[in-house]
Amino acid sequence: MTPESLMQLAIEKCRTGIALGQTPFGCAIELNGQVIAASHNTVWQTIDITAHAEINALREACRQTQHPLLEGAIVATTCEPCPMCAAALHWARVEKVYFGATIADAGAAGFSELDLPAEKVIAAGGGSTILVPNLLRDECQALFAEWKQDEKRRHY
Ligand SMILES: Nc1nc2[nH]cnc2c(=O)[nH]1
């Protein structure tokens, strides 16, 4: 699967989440050429502030593989991982993370993001997960505008 196709899956999941009244974040994970997880954010659905798209996808992937480590896994996420998710991706030993929109985009959409780039979190901690920005950036950024059409939207 190409990184673009993996990101398209993350985008589809994000749109599913928006339709269900969730916030506009989606994530997909591939291991050994197979998609093993694709999730959207469920913070409001589960009343769990940690239920970011990436955390949900990591949990699903680890359930699938029955192992907490995902060495060699490739992740595509519609938005740059926050510090919590960057740390979790490191803990899972994910190899590479593609992202589209940025933490600044999420902040501009109203989320109270910590202004700490994922790259810095990984580098400052001595991690080896590779971060690749700008994959389908315009499409990922547009998800925030789609979500803003929902009058009942809530951020956190
Ligand atoms: N990357 C990402 N950033 C967020 N900011 C708030 N929620 C999320 C999420 O689920 N994923």
Side-chain angles (χ1 to χ4, degrees), residues 3-30 35-64 70 73-125 127 129-150 152-156:
E4 285 79 7
S5 323
L6 193 64
M7 185 62 92
Q8 285 296 351
L9 269 180
I11 290 170
E12 275 170 35
K13 273 289 164 184
C14 179
R15 290 207 169 104
T16 303
I18 293 172
L20 293 169
Q22 302 306 299
T23 53
F25 303 94
C27 179
I29 303 182
E30 178 187 326
V35 176
I36 56 168
S39 306
H40 58 75
N41 181 301
T42 58
V43 163
W44 289 115
Q45 182 186 317
T46 57
I47 316 296
D48 175 356
I49 199 62
T50 69
H52 284 197
E54 295 91 332
I55 300 290
N56 288 342
L58 283 171
R59 288 191 172 134
E60 187 183 331
C62 292
R63 264 197 311 272
Q64 282 292 328
L70 300 169
I74 307 294
V75 170
T77 179
T78 57
C79 187
E80 181 176 4
C82 73
M84 170 183 74
C85 293
L89 291 158
H90 159 76
W91 277 115
R93 301 195 194 164
V94 162
E95 183 178 318
K96 200 181 268 192
V97 180
Y98 292 91
F99 63 90
T102 62
I103 285 175
D105 295 327
F111 291 91
S112 60
E113 301 287 327
L114 290 170
D115 189 15
L116 201 48
E119 174 81 55
K120 273 201 185 161
V121 173
I122 298 292
T129 299
I130 299 162
L131 285 141
V132 185
N134 295 323
L135 184 67
L136 304 186
R137 174 169 164 69
D138 291 349
E139 207 171 334
C140 289
Q141 215 178 5
L143 295 165
F144 289 112
E146 287 179 32
W147 173 72
K148 281 191 168 176
Q149 287 168 8
D150 177 0
K152 289 195 241 134
R153 72 184 180 279
R154 294 177 290 177
H155 20 60
Y156 40 81

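Index from 1, following the sequence. One-based numbering, in listed order, for ligands and for the atoms of each.
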Visitor: Return the minimal non-hydrogen interatomic distance between Lys148 and Ala108, and the atom names on each side.
Guide: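 Shortest heavy-atom contact: NZ-O, 3.9 Å.
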
Visitor: At a 4.0 Å threshold, what atoms of ligand 1 neighbour a non-hydrogen atom of Asn41?
Guide: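 Heavy-atom distances to Asn41 below 4.0 Å select 7 (N), 8 (C), 9 (C), 10 (O).
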
Visitor: Closer than 4.0 Å to some heavy atom of Cys79 - which atoms of ligand 1 meet that?
Guide: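 Answer, ordered by atom number: 1 (N).
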
Visitor: Taking heavy atoms and a distance under 4.0 Å, where does Ala106 meet ligand 1: side chain, backbone, both or neither?
Guide: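 No part of Ala106 comes within reach of ligand 1.
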
Visitor: May I ask you to check whether Phe111 has an N/O atom sitting below 3.5 Å from an N/O atom of ligand 1?
Guide: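 No - when backbone and side-chain N and O of Phe111 are compared with those of ligand 1, no distance drops under 3.5 Å.
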
Visitor: Looking only at distances, please establish whether an N/O atom of ligand 1 is found under 3.5 Å from an N/O atom of Ala53.
Guide: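 N/O-N/O distance below 3.5 Å exists for this pair.
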
Visitor: Check Trp44 against His155 and note the closest heavy-atom contact, atom names and distance.
Guide: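 Minimum heavy-atom contact is CZ2-O, 3.2 Å.
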
Visitor: With nothing but distance in play, are any N or O atoms of Thr23 less than 3.5 Å from an N or O of ligand 1?
Guide: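 The answer is no, given that Thr23 and ligand 1 share no N or O pair closer than 3.5 Å.
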
Visitor: Taking non-hydrogen atoms only, is Phe99 closer than 4.0 angstrom to ligand 1 via side chain, backbone, both or neither?
Guide: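 Within the 4.0 Å criterion, Phe99 makes no contact with ligand 1.
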
Visitor: Could you label the plane-to-plane angle of the Phe111 and Phe144 rings as parallel, tilted or perpendicular, counting under 30° as parallel and over 60° as perpendicular?
Guide: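 Rings of Phe111 and Phe144: tilted, 30 to 60°.
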
Visitor: Report yes if the side chains of Leu116 and Ile103 come closer than 4.5 Å at any heavy-atom pair, otherwise no.
Guide: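 With C-beta onward as the side chain, the pair stays apart.
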
Visitor: For atom 9 (C) of ligand 1, what's the nearest protein heavy atom and its distance?
Guide: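 Checking every protein heavy atom, the shortest distance to atom 9 (C) of ligand 1 gives Phe25 CG, 3.3 Å.
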
Visitor: Looking at ligand 1, does any of its N/O atoms fall within less than 3.5 Å of an N/O of Glu113?
Guide: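 Yes, Glu113 has an N/O under 3.5 Å of an N/O on ligand 1.
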
Visitor: Thr129 and Leu89: which non-hydrogen atoms are nearest, and at how many Å?
Guide: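 Closest approach of Thr129 to Leu89, heavy atoms only: OG1-O, 4.0 Å.
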
Visitor: Just going by heavy-atom distances, which of His155, Glu54, Met84 is nearest to atom 1 (N) of ligand 1?
Guide: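 Residue with the shortest heavy-atom distance to the ligand atom: Glu54.
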
Visitor: To the nearest 0.1 Å, how far is atom 7 (N) of ligand 1 from its closest protein heavy atom, and which atom is that?
Guide: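 Ranking protein heavy atoms by distance from atom 7 (N) of ligand 1, first comes Tyr156 OH, 2.8 Å.
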
Visitor: Side chains of Pro117 and Glu80, heavy atoms from C-beta outward: is any pair under 4.5 Å?
Guide: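 Answer yes - side chains close enough.
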
Visitor: For Glu80, which part has a heavy atom under 4.0 Å from ligand 1: side chain, backbone, both, or neither?
Guide: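 The answer is the backbone of Glu80.
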
Visitor: How close do Pro81 and Ala118 get, counting heavy atoms only, and between which atoms?
Guide: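 In this case the closest contact between Pro81 and Ala118 is O-CB, 3.6 Å.
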
Visitor: Is any side-chain heavy atom of Leu20 less than 4.5 Å from a side-chain heavy atom of His40?
Guide: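 Yes - at least one pair of side-chain heavy atoms lies under 4.5 Å apart.
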
